[in-house]
Amino acid sequence: MVRQIGQTTLGIVRDTGDFTLFCGRAFLSLSKTRRLPRRILRAVYEQGAVCLPVIAIVGVFTGLVLGLQGYHVLSRFGSEGLLGTLVSLSLVREMAPVLAALMLVGQAGSAFAAELGIQRNTEQIAALETMGVNSLGYLVAPRLIAALLVFPAQAALFVVLGLWGGSLSGSVLLGVDSGVYWSAVERAVEFRDLRECFLKAASFGVLTTSICAYMGFHADRNTSSAGARAVSASTTRAVVFSSITVLIADYVISSFFI
Amino acid sequence: METTDFALEVEGLEKGFDGNAVLKGVSLRVPRGSIFTVLGPSGTGKSVLLKCIGNILAPDSGRIVFEGRPLRDPAAREDFRKRCSFLFQGNALFDSLTALENVALPLEQTTSLGKVEIFKRSLKALQQLEMKDFADRYPGRLSGGMQKRLALARAIVTQPEIVLFDEPTAGLDPLRRNAVFSMIAKYQRRFRFTALVVTHDVPEALAVSDHVALLNQGRIAFEGTPAAFAASSESGIALFRDSVEALRQSLAAIRSEQPAIS
């Protein structure tokens, strides 16, 4: 029992150290990567543009639900005028960075982990190394930089569409005055809220992209399965760990801002 | 021969996995500008040997020397990497890039050549391998033989001095096996690189190689010319060399024992 706890602890410490080294090497490899802007642009497209419809749909419906639920709670206290405050602060501080990150993990992160896993399995990563190409610099570093741009941008889009969704359900469907709604939004959101939103989004971007990259890159380390199953297992782990990390990091960052 | 006559020297190389020794002190010397083939049964460590040389796997002990400099030295390793190409058993082509992009990749990422020059050189490499008409095709839409040629085009585009071939004929039928070995011989003579090939295809390898070695149970059991290998009467060598013929004979015997169906 004690031995098992010790071995598990050592395993966690080893994996954490290995992951940290991996991230450090990936960022350091930026200086060795040629034609980086082109790779970053492509990564921005793959992470950002491809995920736009999902972010838009989830953003609008999150706003709609917030408007609907918020109206019925606030109307009990005769405070329907605060609907804009509730929707905007919920979105900016928590829901937009967290939900946008989870959507991006589900769509772009899983695809990235699977792609790297297949590249590992078919020796494409080994081929890069034998060519003298830094595989981390070529495959991972552009994605990390793109994540720093895409996650905050997607969170901002989520906020805008969420606010519009809130207005749609609160003002158009439930009768809250539109001017009251938008002026409450304007009064409620401060610079520090936006800073929190973008900091969270950028942190989630780097963390989840690193986790997905690490899992896919080391798909061959999976001892319980091999081949296609190893790729699917590493992709599943990438999505699960990334999602959990988003929620843990959200709590940690929020505790610094409150 | 002088030391400098050898492109590559391997001394006492050992490598194991989870306590199982795969290479048990392998030593060989690859003459410059030759086709050197390492033969051996499947699972005897040929690919592991090549991956240790190609710097994909780290050996447990022993030395790999490139032009007199051990590859443990980072500068020598970097130099070796620039002057060596590796052809993987499964080709390891980038399936999301076209044939032209595959060939251009090493030039784009390891040289400071301009876009036009990279395009010219990549197209020339494809042309030399008779693949120019398929420049816009993705590897998944090429036949096995074409993929092999594309992998070779990618390997030669950087004008390497050494090309490592890992089981280049794995999974191919006899006709294609012959075609691949002919291709290796043809382009090795044209581009004058040193070719180190690992395979278990004895007749084809003997036909094109300048030197052969037999790797058996993690050790080099023979090293010499194809003629010496073909003439050797040593039991271990003869057993492996004549295994194809022995299989043919035993199959013929089984067939002759079957009762005739009326």
Side-chain angles (χ1 to χ4, degrees), chain A residues 25-26 28-43 45-47 50 108 111-143 216-224 226-228 230-231, chain B residues 17-18 47 50-58 71 74 77-97 101-115 118 139-140 147 150-152 154-158 160 162-167 170:
Chain A
R25 283 196 194 113
L28 284 175
S29 65
L30 275 170
S31 60
K32 295 172 192 162
T33 310
R34 289 167 192 264
R35 293 172 170 82
L36 190 61
R38 206 178 71 180
R39 304 275 314 154
I40 292 174
L41 273 178
R42 187 174 169 162
Y45 171 75
E46 282 171 359
Q47 280 182 311
V50 172
F112 183 39
E115 189 181 334
L116 284 178
I118 290 167
Q119 287 181 324
R120 170 65 73 190
N121 259 0
T122 53
E123 294 185 310
Q124 292 176 38
I125 293 176
L128 281 175
E129 295 291 344
T130 59
M131 283 175 204
V133 180
N134 186 308
S135 54
L136 283 177
Y138 182 74
L139 298 169
V140 179
R143 292 281 192 147
F217 207 82
H218 297 126
D220 58 331
R221 284 191 191 169
N222 193 332
T223 48
S224 57
V231 175
Chain B
F17 297 95
D18 302 325
S47 289
L50 207 68
K51 283 177 179 171
C52 285
I53 294 171
N55 209 22
I56 298 168
L57 292 174
L71 291 187
R77 201 162 54 232
E78 198 50 40
D79 186 37
F80 177 69
R81 208 174 250 180
K82 281 179 188 159
R83 294 158 67 182
C84 169
S85 283
F86 197 109
L87 237 87
F88 288 82
Q89 192 171 337
N91 301 322
L93 294 164
F94 296 96
D95 41 20
S96 55
L97 302 180
E101 287 167 341
N102 261 284
V103 178
L105 182 72
L107 293 177
E108 273 182 5
Q109 291 296 320
T110 61
T111 69
S112 49
L113 293 171
K115 217 173 170 181
I118 288 172
Q147 287 185 12
L150 177 57
L152 186 57
R154 187 176 70 181
I156 60 159
V157 76
T158 51
I162 300 179
V163 182
L164 309 176
F165 294 86
D166 185 9
E167 300 274 12

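Note on naming: letters A, B, ... go to the chains in the order of the sequence lines (proteins, then strands), and numbering restarts at 1 for each one.
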For residues B/Q109 and A/R34, report the shortest heavy-atom separation together with the two atoms involved. O-CD, 3.1 Å
Where do A/G132 and B/R81 come nearest, in terms of heavy atoms and distance? CA-CD, 3.5 Å
Hey, which of B/I56, B/N55, B/L93, B/T111 has the most heavy atom pairs under 4.5 Å with chain A? B/T111
Heavy-atom contact with chain A under 4.5 Å, split by part of B/D95: both
Tightest non-hydrogen contact, residues A/R35 and B/L113, listed as NH2-O, 3.0 Å
With rounding to the nearest 0.5 Å, note down the distance linking OG1 in A/T122 to CZ in B/F88. 10.0 Å
Quick one: what part of B/T110 sits under 4.5 Å from any heavy atom of chain A, side chain, backbone, both or neither? both
Closest non-hydrogen contact found for B/G54 with A/T130 is O-CG2, 4.0 Å
Chain A contact via B/T158 - which portion, at a heavy-atom distance below 4.5 Å: neither
Rounded to the nearest 0.5 Å, the CE atom of A/M131 sits from the CD atom of B/E108 at a distance of 11.0 Å
When the 4.5 angstrom heavy-atom criterion is applied to B/L57 and chain A, the contacting part is neither
